[in-house]
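Structure record follows, encoded as structure tokens.
In what follows, chains are A, B, ... by sequence order, proteins preceding strands, each numbered from 1.
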Amino acid sequence: MAELVIRDLNKTYMKQKERIHAVKSLNLTARDGEFIAFLGPSGCGKSTTLRMIAGLEDITSGEIEIGGTVVNRLHPSKRNVGLAFENYALYPPLTVYDNIAFNLRAKKTPEEEIKREVGKIAELLHITSLLDMKPAALSGGQKQRVNIARAIVRKPGILLLDEPLSHLDGKMRQSMRTELKRLHTEIKSTSIIVTHDQSEAMALADRIAIINEGVLQQFGTPLEVYNHPVNEFVAGFIGEPPMNLFTVHAFTAKTGKKMFRIEDSLLEFEVPAAYREKVRDSQPYRFGIRPADIHIVGGSDPHTISTKVTIFESLGEECRVHIRVGETLLSLVTGEDVHYRTGDPIHLLFREDRIHLFDPSNGNRIQ
Amino acid sequence: MLNLIAGILVPEEGVITMNGNVVNSLEPEDRNVAMVFENYALYPHLTVFENIASPLRSPKYRQPEGKIREEVERVAKILRIDWLLQRLPSELSNGQRQRVSLGRALVRNPEVFLMDEPLTHLDAKLRHQMRAEFKEMQANLNTTTIYVTHDYLEALSLADRIAVLNQGRIEQIGTPDEIYYRPATEFVAEAFGEPEINILTAGLVNKDGWMYLNLLGDSDHFAVPGRVRQALEEHGADTVRAGFRPKDIKYSFTGDPSMLRASVYSFEPLGAKAILTVQADGQLIRLIAAADLDVKPDQPIYLKFNVEEAIFFDSGTGRFIARAGEKGVRSVG
């Protein structure tokens with residue numbers, strides 16, 4: 001177990017005679033025992049950062065400290081990290097037992113201790129019955145368990161997981177996610193997972209570092225990044241179904257009330273109290289509301305919008321209503337019991353305390 | 001199966017009919033079906049207009065230019081890509097490309113649409129939006145459509161009826177409600193819904209004139225509703241499989257005698273809700289919880305199973321026996 005500190009980390013490299021700045025002045029600290037996710041679209045620099053921590057990639061500038069020691073110049077094997085990658089890279093001729101034992105044998109651990117440790121880890125990962133099998137006989141999920149077992153048997157200070165679930169199919173991915181979360185509560189090793197899947201990051205991590213174009217956007221708990229995204233990128237990236245994001249224009253109605261009108265539509269609603277002093281007439285704003293934060297209400301008032309159902313979906317656990325607004329759809333999630341049809345009139349209320357407003361010039365949240 | 005309908009593969013046995021005519025020996029181009037694939041297969045050097053027009057320029061279906069223009073514009077309007085007609089595929093988003101490939105299928109006025117995973121390529125966020133858009137278009141088309149997907153949400157959302165296939169056989173054909181609420185087999189039940197349904201082995205116990213389920217080492221908490229009881233008695237087995245959707249299991253941290261004791265296994269917040277996995281009698285059970293719930297691993301938790309919503313299966317064959325609730329019973333008229 002160890003704390004991880006990343007200080008002013010940068011990575012640049014040349015690609016086709018062009019300098020790529022893959023990681024830009026990254027600063028973050030993973031506390032001892034914490035589960036951290038690096039989350040972002042492909043090419044955002046999250047894997048590069050993980051590889052710099054592991055020692056598989058040179059550091060251009062900045063420092064990485066593991067358990068109080070700066071590891072910039074240490075060989076990967078001396079960094080006290082355990083690695084599990086997306087592709088399993090198990091040794092095909094060796095049994096599962098020997099695969100897990102491999103690193104312990106390399107460290108000249110006594111066979112008796114190896115047996116004890118492998119047995120313990122195998123139980124933790126539910127692979128005891130597979131120990132005598134060769135990798136070729138295993139399913140994808142089983143291989144990934146062996147892969148993770150091999151990484152944690154060395155009791156690393158930091159466990160590094162690079163998209164460990166991406167190769168697995170839907171059901172197996174979900175049950176492995178549950179197991180991974182449980183595993184962390186049992187081994188309590190500081191863990192970093194790299195993923196492009198926001199639900200994986202939300203489900204697993206104590207804190208999520210959301211990265212875009214090499215820049216850390218926000219670092220917070222799943223509830224923080226979901227409820228208080230610092231900018232439009234985070235708002236749009238976190239959450240499924242995704243947050244509705246629209247351009248709105250502020251104006252003062254004849255009644256004297258401050259109103260928003262949704263662009264490309266006639267939909268208007270009163271500016272929420274919290275923002276009334278902050279918005280200026282005829283200015284555009286980016287307005288965000290999550291599908292679960294829109295309520296269908298019985299009647300109309302200045303806070304609601306009145307419109308018609310474009311599409312209704314009944315999806316078993318929940319229903320979704322979609323309303324066409326210009327080129328996009330406004331979507332909301334409802335309980336299962338009320339069914340709507342295309343063309344049904346409907347009044348919508350945006351939950352005032354769940355509204356997000358962003359500055360269109362830089363995407364930053366308006367507080 | 002889609003390839004058999006399209007005529008790309010030839011059946012060894014059996015017949016395929018369209019409008020009452022056997023099409024087994026017809027060439028694909030003579031079947032008047034239009035296919036849309038996962039990869040859009042657009043001509044990169046042709047504009048959107050020319051891509052959509054291409055089937056109307058083939059020797060077989062050649063149309064006069066005026067007619068072509070009219071058709072392409074009609075289809076482009078339905079798909080809301082009429083403002084993109086002069087662009088090249090490389091200038092489009094994935095969602096727009098998919099619409100162009102749909103447009104190319106539409107323009108022929110086919111009798112049957114065959115769609116092979118048309119949304120699979122899109123990322124999760126776009127898929128949610130495109131699925132709804134697809135449904136909007138479908139409502140305007142009124143053409144028989146066969147849609148292949150591995151995504152149960154697409155099937156529930158888009159289809160009038162769903163055929164669930166497993167290893168080359170049809171497990172069930174039914175409306176989305178029938179499939180979700182009255183699945184023909186455990187396979188179907190597990191294929192629809194996320195998190196997955198909890199299917200547990202249950203003994204049937206008669207006590208004080210009531211029938212109870214012996215579930216998770218407990219036989220006091222699961223009285224079987226009357227309607228299901230009759231079906232289970234007729235079925236005759238003393239062990240069945242009982243399926244509970246995650247949302248049909250409620251939890252509490254202050255137990256009362258009507259609840260079953262379990263312990264927290266793991267907690268996965270997902271924004272608007274969370275998946276709470278608990279352990280009881282050595283088995284894992286998935287529930288839906290609030291995302292801001294504060295739980296510790298191994299903490300005691302008490303469960304209440306809504307037996308009214310349970311789905312019962314034969315413990316040997318996995319086939320549907322009964323469900324108490326009326327949901328998914330096809331309404332007449």
For [X], is it the side chain, the backbone, both or neither that has a heavy atom under 4.5 Å from a heavy atom of chain A?
| X | value |
| --- | --- |
| B:Pro269 | both |
| B:Lys296 | neither |
| B:Ile275 | side chain |
| B:Tyr152 | side chain |
| B:Pro195 | both |
| B:Asp298 | both |

- When rounded to the nearest 0.5 Å, the distance separating CD of A:Glu318 from CG of B:Leu153 is 8.0 Å
- Message: For the backbone of B:Glu190 and the side chain of A:Lys171, can you confirm whether one donor and one acceptor N or O come within less than 3.5 Å of each other?
- Response: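 It does hold such a pair.
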- Message: Check this for me, if you would: do A:Arg324 and B:Glu133 make a salt bridge, where the nitrogen-to-carboxylate-oxygen distance has to be below 4.0 angstrom?
- Response: yes
Would a 4.5 Å heavy-atom cut-off, applied to side chains only, mark [X] and [Y] as touching?
| X | Y | value |
| --- | --- | --- |
| B:Leu270 | A:Glu240 | no |
| A:Glu317 | B:Tyr180 | yes |
| B:His128 | A:Arg320 | yes |

- Mind checking side-chain contact (heavy atoms from CB on, under 4.5 Å) for B:Lys135 and listing every partner two or more places apart, or none if nothing turns up?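 A:Ile311, A:Glu313, B:Ser157, B:Leu158.
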- Message: With a strict 4.5 Å heavy-atom criterion, list every residue of residues 222-235 of chain A that contacts chain B, or say none.
- Response: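 Residues of residues 222-235 of chain A touching chain B at under 4.5 Å: A:Pro222, A:Leu223, A:Tyr226.
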- Message: Using heavy-atom distances under 4.5 Å, tell me whether A:Thr328 contacts chain B through its side chain, its backbone, both, or neither.
- Response: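 Both parts, heavy atoms under 4.5 Å.
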- Message: For a side-chain contact (heavy atoms from CB on, under 4.5 Å) check, start with the C-alpha distance between A:Thr178 and B:Glu268, then their side-chain angles and the critical distance, and finish with the verdict.
- Response: CA-CA 7 Å; A:Thr178 304; B:Glu268 298 164 75; 2.7 Å; yes
